Structures are given as structure tokens and as C-alpha cells.
Amino acid sequence: FHYIGHGVNSHGEDCLIGTAGEATTIKTIQKLIEGLNADKNFLLIDACREYTGNRHQLNEGHDSDYEPAVDKNFTMVYGAPRGWKAPDMPDVTLTCCIAEHLRSKKSIKVNEIQKTLKKIWDRKQERVKYHVDVEIKGSQDIEFP
């Protein structure tokens with residue numbers, strides 16, 4: 001799953017913001033994807049995660065207690081750490097870094113994603129300000145892509 005757009009952290013939950021301004025939590029998306037029963041799941045989220053307090057109402061059906069099952073092998077790659085804005089500059093986004101890595105046609109273990117993308121992102125920035133944030137729930141031996 002790849003998303004590039006607006007995001008926030010509202011009510012302590014990371015959310016994607018739709019075109020009508022509605023917030024959908026990452027947990028809701030994970031829960032939907034978990035039902036697909038894939039061997040490995042990647043969520044690539046190129047969006048801000050800045051704190052907005054409780055300004056956005058969370059989507060209907062949000063389950064704050066939900067945690068993905070470890071055997072579902074979720075790897076979440078965020079374009080900003082929690083509480084930060086993501087960059088909005090040409091060629092300096094998470095999506096640009098992922099595209100550059102994919103052009104290399106090299107598979108990497110999920111526990112190397114952060115280091116690999118950080119190296120690409122640092123090279124793209126005039127002064128290093130932004131960095132990728134990776135959360136792995138499951139096997140560290142899964143390969144990306």
C-alpha cells in the first residue's frame with residue numbers, strides 16, 4: 001500500500017487525510033490489509049505525522065486497541081517520524097527515495113530499509129533535516145520489495 005498526500009497524528013493516532021478532510025487511521029488500513037492474508041505487507045506512507053490534538057474526528061470503525069498480528073509481517077515506512085512534517089520539495093520525498101531504490105533492482109531485508117533509504121535521502125538534501133521512520137511488526141528476514 002502506497003500513500004502520498006496529507007496526514008496527521010490526531011487523538012494519538014496516525015491518520016491519512018482524504019480529499020474531503022476526513023481522517024482514516026493507519027490502524028484501520030492495517031486491519032483491512034491484514035484480512036487479505038498476504039505473506040508480507042508494506043505500507044509506504046509519504047505524509048506528515050504532525051500532532052494536531054483532537055482536531056480531526058477519527059473514522060467510523062476505528063479500533064484503538066487493534067495491533068497487527070506478528071505473523072502478518074507488516075512493515076510501515078513513513079516519510080516523517082511521529083510528530084513531524086514530511087518534506088514537500090521536488091525530489092526530496094520518501095516516494096522519490098523509494099523509486100530510486102526500486103530502480104536499483106536490489107532486494108533488501110526489511111531491517112535494512114531505514115538505513116538504505118536514509119542514505120539516499122541524506123544525499124538528496126542540501127542539509128540533512130528529514131529522515132525516514134520504519135516500524136517492523138513480524139519477521140526481520142522478509143525482503144523488500
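As the structure is a prediction and not an experimental result, all values here were calculated from the model.
Contacts of Trp84 classified as ring-ring contact (aromatic ring centres under 6.0 Å, His included), with partners at least two apart in sequence or in another chain: His131. In terms of the side chain to side chain contact (heavy atoms under 4.5 Å, CB included) criterion, residue partners of Lys129 (sequence neighbours excluded) are, by chain and number, Gln125, Arg127. In this structure, the side chain to side chain contact (heavy atoms under 4.5 Å, CB included) partners of Ala69, at least two apart in sequence or on a different chain, are Glu34, Asp71, Lys72. Residues satisfying the side-chain hydrogen bond (donor to acceptor under 3.5 Å, both in side chains) criterion with His101, sequence neighbours excluded, are absent altogether. By the side-chain hydrogen bond (donor to acceptor under 3.5 Å, both in side chains) test, Arg55 is found to be paired with no residue, residues two or more places apart in sequence or in another chain being considered. Applying the ring-ring contact (aromatic ring centres under 6.0 Å, His included) criterion to Phe42, with sequence neighbours excluded, gives Phe144. The side-chain hydrogen bond (donor to acceptor under 3.5 Å, both in side chains) check on Glu143 picks up nothing, with sequence neighbours excluded. For His2, the side-chain hydrogen bond (donor to acceptor under 3.5 Å, both in side chains) partners are Thr95, not counting sequence neighbours.
The ring-ring contact (aromatic ring centres under 6.0 Å, His included) analysis of residues 51-83, with sequence neighbours excluded, yields no pairs. Residue pairs meeting the side-chain hydrogen bond (donor to acceptor under 3.5 Å, both in side chains) criterion with at least one member in residues 103-116: none, sequence neighbours excluded. Applying the salt bridge (charged side-chain N to carboxylate O under 4.0 Å, His left out) rule to pairs touching residues 8-19 yields Glu13-Lys27, Asp14-Arg49, Asp14-Arg82, sequence neighbours excluded.
Side-chain contact between Ile26 and Ile45 is present, with heavy atoms from C-beta onward closer than 4.5 Å. With contacts defined as side-chain heavy-atom distances shorter than 4.5 Å, the pair Val77/Ile113 qualifies. Contact of the Met76 side chain with the Val134 side chain is not registered, since no non-hydrogen atoms from C-beta on lie closer than 4.5 Å. For the pair Lys124/Tyr130, no side-chain contact is recorded, criterion being any heavy-atom separation below 4.5 Å from C-beta on. The closest side-chain heavy-atom distance from Ile33 to Phe1 is below 4.5 Å. Considering only heavy atoms from C-beta on, Leu43 stays 4.5 Å or farther from Thr75 through its side chain. The shortest distance between side-chain heavy atoms of Thr93 and Asp88 does not fall below 4.5 Å.
Atom CG of Asp46 and atom CG of Leu16 lie 11.0 Å apart (nearest 0.5 Å). The CD1 atom of Ile142 lies 7.0 Å from the CG atom of Asp39; values are rounded to the nearest 0.5 Å. One finds the CD atom of Glu67 at 11.5 Å from the NZ atom of Lys31 (value rounded to the nearest 0.5 Å).
Under a 4.0 Å N-O distance rule, the pair Arg123/Glu100 qualifies as a salt bridge.
Although no hydrogens or angles enter the test, the distance criterion places a donor-acceptor pair under 3.5 Å between the side chain of Asn73 and the main chain of Ser139.
The two residues Cys15 and Thr25 make their nearest non-hydrogen contact at SG-CG2, 3.9 Å. Closest heavy-atom contact between Ser10 and Thr52: CB-OG1, 3.7 Å. Among all heavy-atom pairs drawn from Val110 and Ile136, the shortest one is O-CD1, 3.6 Å. Across all non-hydrogen atoms, the minimal contact from Cys48 to Ala86 is SG-N, 3.3 Å. For Trp121 against Gly79, the heavy-atom pair with the smallest separation is CH2-O, 3.2 Å.
Summarising the local packing, CD of Gln57 is surrounded by 12 or fewer heavy atoms from other residues, nucleotides or ligands at distances under 6.0 Å. Dense packing is recorded around NE2 of His11, with more than 12 heavy atoms of other residues, nucleotides or ligands lying under 6.0 Å away. Within a 6.0 Å radius of CG in Asp63, more than 12 heavy atoms belonging to other residues, nucleotides or ligands are found. Remark: Lys118 NZ is loosely packed, at most 12 non-hydrogen atoms of other residues, nucleotides or ligands lying under 6.0 Å away.
Hydrophobic cluster of Val8: the remaining members, joined at side-chain heavy-atom separations below 4.5 Å, are Ile17, listed by chain and number.
In this model, a donor atom of one side chain and an acceptor atom of the other lie less than 3.5 Å apart for Asn59 and Thr28.
Leu102 and Leu117 fall within a single hydrophobic cluster, where Ile, Leu, Val, Met, Phe, Trp and Tyr side chains are chained together by heavy-atom contacts under 4.5 Å.
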